[in-house]
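To start, the structure itself, in structure tokens.
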Amino acid sequence: MAETMADGKRALRLAFKRIEQEVPQRVASAMRWLRHPSSRWVRIPAGIFLVIGGIFSILPLLGLWMLPLGLMLIAADIPFLRKPMARFAIASVNLWSRLRARWRGK
């Protein structure tokens with residue numbers, strides 16, 4: 001059981017690092033700060049806010065992008081969400097990279 005939890009934590013950490021490579025430096029440093037254990041009291045409300053914002057994605061500025069990011073932030077503190085969110089994040093970043101490469105190639 002402890003091994004599975006460690007695997008989920010490691011997978012989520014790798015997913016966050018992969019996303020940080022794709023986003024602007026300011027966003028990446030904010031994500032690193034939010035992942036830090038001492039930021040837990042900011043991370044949880046931010047994750048909840050992002051999930052709620054993602055649900056109301058038809059409103060301006062709020063979008064569907066907020067839902068997975070909020071779930072990833074919450075997954076940092078909820079062990080059973082770590083592996084699924086890490087797999088989703090890595091698959092999404094890989095898809096984005098392929099689409100961006102195809103778009104640049106045209």
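When a residue number appears, it is its place in the shown sequence, counting from 1.
No continuous path of hydrophobic side-chain contacts links Leu95 to Val93 [ILVMFWY only; heavy atoms under 4.5 Å]. Ile90 and Ile74 sit in two unconnected hydrophobic clusters of ILVMFWY residues. Membership requires side-chain heavy atoms under 4.5 Å apart, directly or through other members. Linking Ile, Leu, Val, Met, Phe, Trp and Tyr whenever their side-chain heavy atoms come within less than 4.5 Å puts Leu67 and Val27 in one cluster. Under a hydrophobic clustering in which Ile, Leu, Val, Met, Phe, Trp and Tyr are joined whenever their side-chain heavy atoms come within less than 4.5 Å, directly or via other members, Trp96 and Phe88 fall into different clusters.
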Evaluation steps, salt bridge (charged side-chain N to carboxylate O under 4.0 Å, His left out), between Glu22 and Lys17 = CA-CA 9 Å; Glu22 298 291 329; Lys17 286 184 180 200; over 6 Å; no

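Side-chain contact between Phe49 and Pro45 is absent, with no heavy-atom pair separated by less than 4.5 Å. Counting heavy atoms from C-beta on, the side chains of Trp33 and Val42 come closer than 4.5 Å. The side-chain heavy atoms of Ile19 and Met72, taken from C-beta on, include a pair separated by under 4.5 Å. Looking at Leu12 and Lys9, their side chains never come closer than 4.5 Å, going by heavy atoms from C-beta outward.
Evaluated for a side-chain contact (heavy atoms from CB on, under 4.5 Å) with Leu73, the options Leu34, Val51, Ile48 yield exactly one hit, Leu34. Screening Arg35, Arg32, Met85 against Phe16 for a side-chain contact (heavy atoms from CB on, under 4.5 Å) leaves a single residue, Arg35.
In this structure, Ser97 and Arg18 approach most closely via the heavy-atom pair OG-NH2, 3.6 Å. Considering all non-hydrogen atoms of both residues, Leu81 and Ala75 come closest at CB-CB, 3.6 Å. Of all heavy-atom pairs spanning Ala89 and Ala15, the tightest one is CB-CB, 3.9 Å.
Rounded to the nearest 0.5 angstrom, Leu99 CG and Asn94 CG are separated by 11.0 Å. Here Leu50 contributes atom CG and Ile55 contributes atom CD1; the two are 11.5 Å apart, rounded to the nearest 0.5 Å.
Looking at Arg82, its side chain does come within 3.5 Å of a backbone N or O of Ala76 through a donor-acceptor pair.
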